[in-house]
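Heads up, the thing below is written out as structure tokens.
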Amino acid sequence: MSGHQYQFALILSEHLQRTINIQHVRAVGGGCINQTYLLESGSGEQWFAKTNYPDQQAMFAAEMAGLQEIYHSHTLRCPKPLTHGTTTGTESDFSYLIMEYISFGHNHNRAQTQRSAGQQLAALHCCTQEQFGWHMDNTIGSTAQLNGYRDGWVTFWREQRLLPQLKWALQDGYNQRDYENGLKLCEQLSVFFHDYQPPASLLHGDLWSGNIGFTEAGQPVIFDPAVYYGDRETDLAMTEMFGGFSADFYAAYHEQWPIDKGYSVRKKLYQLYHILNHYHLFGGGYGHQASNTVLQLLSETGS
């Protein structure tokens with residue numbers, strides 16, 4: 001039995017309170033941040049595991065908490081999280097997150113699967129709380145995502161989303177003038193919310209097409225969350241960034257909870273956060289894209 005097999009067998013045996021014999025540990029694709037594996041026992045049970053360096057345990061703790069938040073909403077399915085932690089006592093110690101393994105099919109373009117995803121995302125967003133934020137910080141990709149509670153959404157989006165990303169962008173070589181334009185935009189955010197006051201909805205937080213799958217039966221499944229409570233439009237804006245969601249998806253969402261007419265402008269404000277984060281992670285043309293988006297938004301304010 002390999003080192004990983006032995007470690008995973010110990011972890012699962014302790015968590016499940018029964019002897020687990022891991023027969024196969026198979027590396028699978030699905031991300032550029034963590035190592036991911038399909039674990040298979042001698043009796044045919046399967047689990048999905050993520051691993052990283054030992055100092056990344058906090059990232060997995062936050063991801064597990066986010067999965068639990070979505071799982072207990074009983075709305076849009078996600079893998080049931082089982083356990084996380086860090087191995088100790090070996091030269092190849094690692095942090096880990098183990099969850100339910102869900103097999104995906106290839107019917108994600110069918111109208112009914114897309115409609116189910118839209119309906120169930122609306123149900124997820126109907127889970128609300130009083131304040132914006134969450135009880136713990138987490139990550140968006142590998143970037144820290146700050147979730148300190150705020151009573152007002154505009155304040156939250158300014159202080160916990162745009163300002164930190166602008167600061168990191170400047171440190172990464174973002175143009176000083178573009179940075180100052182970003183600060184100017186942050187000062188004028190209230191312009192976009194004159195007739196719109198969103199509730200604090202439970203969000204996936206990073207809902208692009210790579211973070212949703214569909215079972216053979218067509219059931220939508222979301223994973224790799226960056227959970228917090230905020231404006232539901234932020235999830236919708238993210239779905240539009242890289243494609244993969246059909247008109248059936250948006251129509252079904254709108255039937256459950258109509259989208260406000262101001263969304264067509266605000267979605268650029270919400271996509272800006274992810275564009276800045278992509279600049280922080282990957283550099284390149286994302287900086288130019290962020291600068292153009294800021295200018296477009298400033299033009300909406302009359303600046």
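Hydrogens, waters and symmetry mates play no part in the numbers below; they use all other heavy atoms, side chains included.
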Kindly assign one of parallel, tilted or perpendicular to the pair [X] and [Y], based on the angle between their ring planes and the thresholds 30° and 60°.
| X | Y | result |
| --- | --- | --- |
| W153 | Y270 | perpendicular |
| Y253 | H125 | perpendicular |
| H278 | Y286 | tilted |

[Y] versus [X], side-chain donor and acceptor atoms under 3.5 Å:
| X | Y | value |
| --- | --- | --- |
| Q23 | E40 | no |
| Q56 | Y96 | no |
| N147 | R161 | yes |

Rounded at 0.5 Å granularity, tell me how far CE in M99 sits from CG in L82.
8.5 Å
Examine H4 together with F8 and report whether their ring centres are nearer than 6.0 Å.
yes
Tell me, please, which residues at least two apart from T155 pass side chain to side chain contact (heavy atoms under 4.5 Å, CB included).
R150, R158, E159
Contacts of K80 that satisfy side chain to side chain contact (heavy atoms under 4.5 Å, CB included) - sequence neighbours left out
Y71, E100
What residues, two or more places apart in sequence or in another chain, satisfy salt bridge (Lys or Arg N to Asp or Glu O under 4.0 Å) together with E233?
R266
Got a salt bridge between K267 and D231, using NZ or NE/NH1/NH2 to carboxylate O under 4.0 Å?
no
Q296/E300 under side-chain hydrogen bond (donor to acceptor under 3.5 Å, both in side chains): CA gap, chis, key distance, verdict
CA-CA 7 Å; Q296 291 172 18; E300 296 287 346; over 6 Å; no
